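Everything below concerns the one structure shown next.
FYI, the numbering just counts along the sequence from 1. None of the values given here were measured: they were computed from a predicted structure.
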Amino acid sequence: MSTSVAPFDLARAQTSSLLPFNFRKVGDSYFMANEIGEHAIVTAGDFKALVEGDLSPDGELYRSLRAKGFVAGGITDGEYRERYWARRAHVMHGPILHAMVLTERCNFGCQYCHSSIVGMKRTDTDMSIATAEKSVDFAFNTPSSGLTIEFQGGEPLANWEVLQHVVAYARDKNRSAQKALSFSLVTNMSLMTDEKLDYLIENRVQICTSIDGPRDLHNRVRIYKEGDSWELSTGWLRKVNQRYKDLGLDPNLYHAEALPTITRHSLDRWKEVVDTYVDLGCRAVFLRVLDP
């Protein structure tokens, strides 16, 4: 039990009847949290009474704290252990998502971009096949039963041959590994073609792009000198989802989505951003903040 800024007499603390928890003063109250994920907010007076053993065991607060595992006797040792390890199960599974930056090349000039992007002619930044295979080998060494390889950039479609090689190489390794293997692609859609889309859909590579809102807002911050970035991104987004429907794929598993990056230009246009996503058939708006 943490005793920082303790509002009680430590000599009177009834530690034998209390289970481990941390606490912090928040305003005039105390926030309590324990190792099995339960929390409670109590007044300073109730907190002092609890720790010093003066809180009535017949009261509603005492019964609630005992049921949540702050006071002994509310849950069995077995239940406590089960809930304790359930909250830490991820520690034993290993990472599931592995991002592979295939290139630092990009043909967009997004005002808020924090990536170390270079011009489209700088092929020296492309991931090699040798490095790609080492990255896949490393990902398969994790103990997790599931594995997602996500292609990022720059614009990952600029290194198309390595993307294809990773998919083939990972699928080959998985014949023996037998993991739940999946792929995803984060792309600005500028280099998408019908042939590439056929390949991505055939190999079940999930697709995600960026849509910052209506056309003028999107084009203001996601600059594409060779055309209309909004028209490009939304056009392919609709096409991808239509292809999924035409193939009869489960829309709960196969549905291209988009992410908006929230800037000062979009703060007072929140309704238009949401309306744009609804119009595009997106099922959620995952708000992405600026990276300092």
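- In this structure, D58 does not pair ionically with R63, as no charged nitrogen and carboxylate oxygen lie closer than 4.0 Å.
- Geometric assessment of R66 against the ring of F70 yields a negative cation-pi assignment under the 6.0 Å and 45° thresholds.
- A distance of 13.0 Å separates CG of N241 from CH2 of W236, quoted to the nearest 0.5 Å.
- Between the side chains of D212 and Y112, a donor-acceptor pair is found at a separation under 3.5 Å.
- S229 and R222 share no side-chain donor-acceptor pair at under 3.5 Å.
- Interatomic distance, L200 CG to L157 CG, rounded to the nearest 0.5 Å: 7.0 Å.
- Using the six-membered ring where Trp is involved, F183 and F151 have ring planes that are parallel, under 30° apart on the 30 and 60° scheme.
- Side-chain contact between Y224 and S190 is present, with at least one heavy-atom pair separated by less than 4.5 Å.
- Transitive grouping of hydrophobic side chains (ILVMFWY, heavy atoms separated by less than 4.5 Å) keeps L232 and W230 in distinct clusters.
- K239 and D194 are joined by a salt bridge, as a carboxylate oxygen and a charged side-chain nitrogen come within less than 4.0 angstrom of each other.
- Using a cut-off of 4.0 Å between Lys/Arg side-chain N and Asp/Glu carboxylate O, R243 and D198 are scored as salt-bridged.
- We find the OG1-CG distance between T43 and D28 to be 10.0 Å, quoted to the nearest 0.5 Å.
- One hydrophobic cluster, built from ILVMFWY side chains closer than 4.5 Å, holds both V136 and Y199.
- Using a 4.0 Å cut-off between charged nitrogen and carboxylate oxygen, D275 and R269 do not count as a salt-bridge pair.
- In this structure, CD1 on I149 lies 13.0 Å from CD1 on I96, to the nearest 0.5 angstrom.
- A donor atom on one side chain and an acceptor atom on the other are found under 3.5 Å apart for R288 and S210.
- For the residue pair D126 / T123, no side-chain donor-acceptor distance below 3.5 Å is found, with atom types taken as modelled.
- For H255 and Y244, the ring centers sit 6.0 Å or farther from each other.
- Both L249 and L253 belong to a common hydrophobic cluster when Ile, Leu, Val, Met, Phe, Trp and Tyr are linked at side-chain heavy-atom distances under 4.5 angstrom.
- Under a 4.0 Å N-O distance rule, the pair R122/E104 does not qualify as a salt bridge.
- Salt-bridge formation is detected for the pair R83/E38: a Lys NZ or Arg NE/NH1/NH2 atom is positioned less than 4.0 Å from an Asp or Glu carboxylate oxygen.
- Within 6.0 Å of atom CG in D124, more than 12 heavy atoms from other residues, nucleotides or ligands are found, so the atom counts as buried in its surroundings.
- Of the N and O atoms on the side chains of D246 and Q242, at least one donor lies less than 3.5 Å from an acceptor on the other residue.
- In Q111, the CD atom is crowded: over 12 heavy atoms of neighbouring residues, nucleotides or ligands sit closer than 6.0 Å.
- Expressed to the nearest 0.5 Å, how far CG of N34 lies from CD1 of I36 amounts to 4.5 Å.
- A 6.0 Å sphere centred on CZ of R283 holds more than 12 heavy atoms belonging to other residues, nucleotides or ligands.
- To the nearest 0.5 Å, the span separating CG on L185 from CD on Q206 amounts to 10.5 Å.
- Inter-residue side-chain proximity for R215 and D228 is flagged as met; some heavy-atom pair is nearer than 4.5 Å.
- Between the side chains of S182 and T148, at least one donor-acceptor pair of N or O atoms lies under 3.5 Å.
- For the pair R24 and Y30, the cation-pi criterion (under 6.0 Å, within 45° of the ring axis) is not fulfilled.
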